[in-house]
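Okay, structure first, notes after.
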Number of protein chains: 2
Amino acid sequence: MGEIREPLRELTECGLPMALEVMGERWSFMILRASFNGLHHFEEFLSELGIARNILSNRLGRLVEHGILGRQPMAEDRRKIEYRLTDKGMDLLPAMIALRQWGQKYGAEVVENPVLVDERDRLPIGPVSILSQEGRILGPEDLALVERANVGKRADGSQAEPVAPVSRGDTAIADGLRGAA
Amino acid sequence: MGEIREPLRELTECGLPMALEVMGERWSFMILRASFNGLHHFEEFLSELGIARNILSNRLGRLVEHGILGRQPMAEDRRKIEYRLTDKGMDLLPAMIALRQWGQKYGAEVVENPVLVDERDRLPIGPVSILSQEGRILGPEDLALVERANVGKRADGSQAEPVAPVSRGDTAIADGLRGAA
DNA sequence: GCAACTGGTTGCATAATGCAACTGGCTTTT
DNA sequence: AAAAGCCAGTTGCATTATGCAACCAGTTGC
């Protein structure tokens, strides 16, 4: 089982290649989803996903290796092994859900059941979004690529300073009414 | 070039399998990133990514086929063909950036250059986030999976009604001070 | 016309994936 | 304590994807 494959141009100065090293493989995201959906055992993944036995074994091994899944034999039945998402694995949720939503948007008649909802009001979640540091929702036109040295330098020459970025748990939205009409 | 491969369990009632059908292949995301970064031509992708010629040809073909890239010969030099992200392709940005950020977070010494910034203040963007319909930033604990029929039914029995969801361009953040101390 | 450029394709080697059958540790049944 | 069954994983073999190098066709510049 050689590791000879070229490591996807790691030099390319961004985290994508590293992320794809693990998650770019067929089934990785499906296993992640299944895991998030509450599956924890080999045979569960096997029958739920319809993946080949040896591949599942291999993928689970790699996911564990990369710290995305934790693996431990269960106390009451030591034949059974429990795979569980680590924090590192949980951090893949935005990527997974973004992909999912994209597939849903363009994927003809996908009905989504069960539905992923906000625990608080049990309504479907909104779209996974790119945010500015202050939490504005950004679209493709709002993005730019600048040299590391020029970060914060505005067109008018003034220098923007970083603010305390938003983070999870923040009430994110709305200093004004939104969209709608 | 058979299409015999099992279509990744499409039945699984969510958009992921469909999304992975195209983007789950090696190089797809790297090509997307390159395309977003301003590359538009075969030879550019070739030398920038270090991908094999035939594979690049194949991947570009598939991405075009799936409407993620547009393809057209250029007017002034009809040897040259221009590949350009479609809106459908642009909609993959959150997924791509989320993956990238994840890779960055866990990928040792990745320095990211050039840096992806908010056009407005030219500061680095924040993390790609899962939002509720009203724009609250949600973490894994805030998520639940419920049967389609039970959407909106809260634990106390009351029924939540959908609100106008947030959308791009919205000022998203903050009705209270954030994190920090 | 001829060389060079651009975007392919083809042939062949290697790696990844899939299927089916088998192993090895553990648990339950008898 | 055998026997049978379950769970996770491995092995052998076929198919598919990927990579490398060489070749091809339409354009362009000279």
Side-chain angles (χ1 to χ4, degrees), chain A residues 1-10 12 17 20-31 34-35 39-66 69-84, chain B residues 1-10 12 17 20-31 34-35 39-66 69-84:
Chain A
M1 212 129 296
E3 283 289 302
I4 337 259
R5 193 204 262 180
E6 191 192 353
L8 264 181
R9 196 73 162 209
E10 299 192 70
T12 321
L20 292 174
E21 200 74 24
V22 215
M23 300 309 297
E25 293 177 300
R26 205 163 138 76
W27 294 114
S28 293
F29 267 109
M30 289 298 285
I31 293 173
S35 197
L39 303 194
H40 301 291
H41 301 289
F42 192 92
E43 308 286 335
E44 289 178 330
F45 290 121
L46 199 64
S47 60
E48 175 68 23
L49 299 179
I51 184 178
R53 246 187 144 64
N54 52 348
I55 302 303
L56 175 60
S57 173
N58 191 301
R59 269 324 79 97
L60 287 174
R62 277 177 75 74
L63 289 170
V64 169
E65 210 175 276
H66 281 83
L69 291 179
R71 179 207 142 104
Q72 68 183 84
M74 295 185 67
E76 78 273 18
D77 183 344
R78 293 218 308 285
R79 284 174 307 180
K80 284 197 179 180
I81 285 176
E82 191 178 58
Y83 294 97
R84 196 169 282 278
Chain B
M1 212 131 295
E3 284 289 301
I4 336 257
R5 194 205 261 179
E6 192 191 353
L8 264 181
R9 198 72 162 209
E10 299 192 70
T12 322
L20 293 174
E21 200 73 24
V22 214
M23 299 311 295
E25 292 177 300
R26 204 163 138 78
W27 294 114
S28 294
F29 268 109
M30 289 299 285
I31 293 174
S35 197
L39 304 194
H40 301 292
H41 300 290
F42 192 92
E43 307 287 334
E44 288 178 332
F45 290 120
L46 198 64
S47 60
E48 176 66 23
L49 299 179
I51 184 178
R53 246 187 145 63
N54 51 349
I55 303 303
L56 176 60
S57 173
N58 191 301
R59 269 323 80 95
L60 287 174
R62 277 177 75 74
L63 289 170
V64 169
E65 210 176 276
H66 281 83
L69 291 179
R71 179 205 144 104
Q72 66 182 88
M74 295 185 69
E76 77 275 18
D77 183 345
R78 292 217 313 285
R79 284 174 308 180
K80 285 198 178 181
I81 286 176
E82 192 177 58
Y83 295 96
R84 196 169 282 278

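- One can place CG of B:Leu56 at 13 Å from C1' of D:dT18, the figure rounded to the nearest angstrom.
- Along DNA chain C, the nucleotide closest to B:Glu82 and the one closest to A:Ile51 are compared, and the more 5′ of them pairs with B:Glu82.
- Nucleotide D:dT18 holds its P atom 12 Å from the CD atom of A:Glu25, rounded to whole Å.
- Ranked by how close their nearest DNA chain C nucleotide is to the 5' end, A:Ala52 and A:Arg78 are led by A:Ala52.
- Relative to the side chain of B:Glu43, the nucleotides C:dG7, C:dG8, D:dA8 differ in distance, and C:dG7 lies closest.
- For the pair A:Glu76 CD and D:dC7 C1', the interatomic distance rounds to 13 Å; values are reported in whole Å.
- A:Phe45 comes within 4.0 angstrom of nothing in the nucleic acid, heavy atoms only.
- Salt-bridge check for A:Arg59 with A:Glu65: failed, with every basic side-chain N at 4.0 Å or more from each acidic carboxylate O.
- Residue B:Pro17 comes nearest to A:Met30 through the heavy atom pair CG-CE, 3.8 Å, listed as atom of the first residue, atom of the second, then distance.
- Between B:Arg26 and A:Glu21 there is no salt bridge, since none of the side-chain N atoms of the basic residue sits less than 4.0 Å from a carboxylate O of the acidic one.
- Contact between the side-chain N/O atoms of B:Arg59 and the OP1/OP2 oxygens of D:dT18 is found at a separation under 4.0 Å.
- Checking the phosphate oxygens (OP1, OP2) of D:dC6, no side-chain nitrogen or oxygen of A:Arg79 falls inside 4.0 Å.
- Annotation for A:Ala34 and A:Leu49: closest pair CB-CD2, 4.3 Å, computed over non-hydrogen atoms.
- Residue B:Asp77 is in sugar-phosphate contact alone, with no base atom involved, counting any heavy-atom pair closer than 4.0 Å across all strands shown.
- The partner of C:dA20, taking Watson-Crick or G-U wobble pairs whose two distances both stay under 3.5 Å, is D:dT11.
- Counting to the nearest Å, the C1' atom of C:dC26 and the CZ atom of A:Phe42 are 16 Å from each other.
- Counting to the nearest Å, the C1' atom of D:dA8 and the CG atom of A:Leu46 are 10 Å from each other.
- Considering only side-chain N and O atoms, A:Tyr83 lies nowhere under 4.0 angstrom from the phosphate OP1 or OP2 of D:dC7.
- Summarising the geometry, the separation between CD on A:Gln72 and P on D:dC7 is reported as 18 Å, rounded to the nearest angstrom.
- With salt bridges taken as basic N to acidic carboxylate O contacts below 4.0 Å, none links A:Arg71 and A:Glu82.
- Between A:Ser57 and D:dT10 there is a side-chain N or O to OP1 or OP2 distance below 4.0 Å.
- Under 4.0 angstrom from either OP1 or OP2 of C:dT6 there lies no side-chain N or O belonging to B:His41.
- Side-chain N/O atoms of B:Arg26 include one lying less than 4.0 angstrom from OP1 or OP2 on D:dG19.
- With hydrogens and angles left out, the side chain of A:Arg53 and the base of C:dG18 share no donor-acceptor pair within 3.5 Å.
- Going from atom CD1 of A:Ile55 over to atom P of D:dT11 covers 14 Å, rounded to whole Å.
- For the pair A:Trp27 and C:dG18, the criterion of a side-chain N or O lying under 4.0 Å from OP1 or OP2 is met.
- What separates CD1 of B:Ile81 from P of C:dT6 is a distance of 12 Å, to the nearest Å.
- Contact record, A:Met23 with A:Leu63: SD-CD2, 4.0 Å, taken as the closest heavy-atom pair.
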